[in-house]
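No experiment lies behind these values; they were computed from the predicted model shown. Keep in mind that the numbers below use all heavy atoms, side chains included, and drop hydrogens, waters and symmetry copies.
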Amino acid sequence: MNYNTFSIVARCPSTGILGVAVSTAVPAVGSTCPHISPGVGAASTQAWVNPYLAIDALKRLQSGADATTALAEALSADDARDLRQIGLVDAAGRAAGWSGAACTPWFGHLTGDGWAIQGNMLTGPEVLDAMRDAFLGAAEAAFPERLVLALEAGQSAGGDKRGKQSAAVLVYGVEDYAAVDLRVDEHPYPVAELRRVWSVYQAQTMPFLQGMPRKGQPPQAAPDDVVAMLLRSPAERPGAVPAPDLWTDILGIDVPPQRRAELLAAFGAISAEIRRLRGLDLTDIHPAVVFRP
Amino acid sequence: MTLDFATITELTASGVPAVAITEHLLDRIRRLDPGLDSFICLAPDALEQARKADAETRAGRSRGLLHGIPIGIKDNYLTADMPTTAGTTAPGVDFPRTDSAVAARLRAAGAILIGKTRTHEYAWGTYTPPVRNPWDLSRIPGGSSGGSGAAVAAGLCPAAMGSDTGGSIRIPASFCGTVGLKPTFGRISRAGIVPHSWSLDHAGPLTRSVADAALLLQVLAGEDAADPGCSAEPVPDYRPAVNAPSVSGLRVAVIRNHFFGHNHPDIDAAVETAIAWFGAQGAVIRDVMVPNLQYGLGAIFAIELASSAAYHDVALRAGRTSQFTEDVRLLVEMGRLVTGADVIKAEQFRQVLKQDVARVLADADIILGPTEPVTAPRIGETHVAIAGGEESALAATWRLTYPYNLTGLPAITLPCGFDAGGLPIGLQIAAAPFAEPILLRTAAAYEAAHDWKDRHPANA
């Protein structure tokens with residue numbers, strides 16, 4: 001699978017948290033590209049994707065190699081390295097990147113202290129520059145928020161030149177389970193949807209995470225207010241973002257998915273005629289509608 | 001005189017009693033309509049109405065211009081003495097038993113409403129199942145006033161009412177070889193007609209002659225507070241126009257884009273011959289272009305679909321549209337996909353198109369062209385062959401009629417020949433708003449110089 005993708009791999013300098021945020025015009029990017037070993041390192045493997053490249057590089061970090069060495073060693077074992085793209089950050093914040101010469105243009109990567117930003121089949125280098133500026137410019141924000149901001153900036157600057165379909169953010173702290181693992185697997189506006197899900201997650205799930213069992217600590221009950229919140233319906237909880245359904249709420253027609261497909265198919269040719277009408281500038285024309293009280 | 005295909009004018013002049021006329025037509029309906037299915041119901045008291053009319057005649061009284069004349073009325077007009085279905089069999093529909101404004105005016109003028117003619121469901125679409133075309137029973141009569149077209153062409157009644165939102169009077173009139181008049185928007189009250197699209201709906205007659213169209217317009221035109229779209233424009237006497245037909249000195253515009261270039265060759269040939277006839281009679285012919293017509297289809301779709309979805313909103317939300325005929329259900333439900341901004345923009349565009357045709361009509365008395373790019377398609381045909389390509393039957397059959405719904409101009413269709421297969425071809429004439437006298441005078445002149453209206457279908 002060719003994941004023509006833009007992503008950021010980073011380590012929080014103050015907490016050591018590791019994270020990856022990624023988006024592409026292929027479904028379910030979150031299940032394949034991001035890889036994190038808590039306390040060891042994080043990677044995003046993409047282009048003609050080889051998951052073992054990330055797994056191998058993280059193992060080499062675990063064995064004590066730094067990011068640059070681990071990446072070089074992992075790549076040397078991959079005969080198709082010209083087709084791969086990968087960004088890697090180790091637990092000390094050292095970053096390394098690789099973009100094979102046979103990746104789809106525009107491709108490239110940037111690295112800095114604690115971060116690696118990479119992408120291919122992009123509209124241009126401005127995508128990576130925008131991601132870097134957004135990430136570095138939000139140093140005061142929570143670490144997952146910085147990753148989402150970088151992704152949004154990359155999308156705004158052009159992103160994947162085919163369009164967009166999925167997005168994900170994966171963050172590990174010191175625990176062996178993820179602190180944030182959000183995926184938008186198939187959506188017309190995946191980065192915007194990821195932002196919406198992230199905001200709901202912060203308000204409704206993160207308070208619950210605070211009470212989850214931690215390594216080396218006795219389990220404790222979740223606070224009463226968190227339990228009470230989770231007993232309410234999603235729409236009644238804090239941070240609920242109204243997301244009206246396009247069909248039932250906005251268009252006002254409640255029909256099953258098969259019927260929606262039939263309506264869209266039939267409406268296709270009509271919609272094309274209406275779009276032609278939209279091309280007219282009628283700003284100064286009073287419509288043929290007069291209200292007489 | 002044979003009563004079979006007599007016009008209203010001829011019937012009135014003949015002195016044949018209303019009972020004899022009504023019995024004759026009811027007999028024809030009994031014999032012929034099982035093959036055509038043009039009527040959905042007949043007035044149970046038609047003969048009783050005729051007897052009353054004859055009694056009044058014997059007493060020296062006439063109710064009006066249509067005294068004792070049987071007229072068919074489309075099943076989307078409310079009638080007090082007959083049920084209205086608007087062509088739907090969906091449950092939960094119960095239209096009131098009151099007379100529409102047109103039904104009331106027809107009765108006041110002495111007409112006998114002989115029966116309700118079939119419409120496609122809620123006056124949608126350009127065919128009218130199960131009605132068949134009397135010229136060829138394997139073909140559609142057009143729609144949505146298909147029952148009226150078939151009944152008038154087959155000699156089952158001398159005239160019938162239709163309604164026209166995108167062409168639903170003129171399409172069946174053209175396919176069935178009758179006269180069809182869509183007057184200026186607002187000329188005839190639509191109060192008591194089941195709405196389809198408020199800013200596009202027109203009422204009008206299908207008749208066997210231009211003079212009869214004028215007669216019905218005389219009876220039906222005029223202000224009605226019950227229809228907010230109805231006009232207060234004074235109603236002239238339309239009869240002098242048809243009694244003195246003339247085209248000498250007439251300025252004729254032919255819109256060469258949109259209306260030409262995509263028609264069946266037999267239609268182009270018949271219409272060009274008609275245009276040449278006008279020229280030979282001393283009319284001045286001028287070819288013009290109205291490029292903005294390319295936006296018309298998007299505009300009428302936006303307005304018509306959205307209006308229909310609004311009218312059927314309660315049924316839609318209650319899930320009752322699933323009981324509609326599949327094609328009509330699809331059209332009604334698709335109306336929900338049209339955005340409000342596009343509907344308003346479509347209404348803005350109508351002003352632009354109105355100004356465009358007003359410029360054409362500043363230098364012309366009428367606009368001449370075909371009514372249909374094809375003759376009647378076969379039943380079940382979803383696509384028609386035109387100019388070496390295939391086009392959806394719906395798209396083709398209203399292409400030349402909807403511009404006059406968008407602009408609200410009066411437009412009439414009358415026969416101007418037959419194709420190689422013997423199916424009628426319609427000539428469409430449009431004029432400035434409320435210029436029905438010019439429209440009727442011109443159409444009557446063409447009609448008088450040709451014998452198309454004297455040809456009658458095989459299945460009649």
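With sequence neighbours excluded, no residue forms a side chain to side chain donor-acceptor pair (under 3.5 Å) with Gln202(A).
If you measure heavy-atom distances from Ala395(B) to chain A, you find no contacts under 4.5 Å at all. Using a 4.5 Å cut-off between heavy atoms, Arg275(A) does not touch chain B at all.
Sequence neighbours left out, not one pair with a member in residues 257-292 of chain A passes ring pair (Phe, Tyr, Trp, His ring centres under 6.0 Å).
Taking the charged nitrogens against the carboxylate oxygens, Arg170(B) and Glu372(B) have no contact shorter than 4.0 Å, which rules out a salt bridge. Here Glu152(A) does not pair with Lys164(A) in a salt bridge; the nearest charged N to carboxylate O distance is not below 4.0 Å.
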Review item, side-chain donor-acceptor pairs of residues 20-29 of chain A, under 3.5 Å, at least two apart:
residue, atom, partner, partner atom, Å
Ser23(A), OG, Ser166(A), O, 2.8
Thr24(A), OG1, Asn4(A), O, 2.5
Thr24(A), OG1, Thr5(A), OG1, 3.3

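Leu200(B) CG to Phe185(B) CZ: the interatomic distance, rounded to the nearest 0.5 Å, is 7.5 Å.
Below 30°, between 30° and 60°, or above 60°: for Phe135(A) and Phe143(A) the angle between ring planes is above 60°, a perpendicular geometry.
Within residues 305-323 of chain B, the residues having any heavy atom closer than 4.5 Å to a heavy atom of chain A are Leu305(B), Leu316(B), listed by residue number.
Options Gln355(B), Gln294(B), Lys345(B) differ in how many heavy-atom pairs under 4.5 Å they form with chain A, and the most are formed by Lys345(B).
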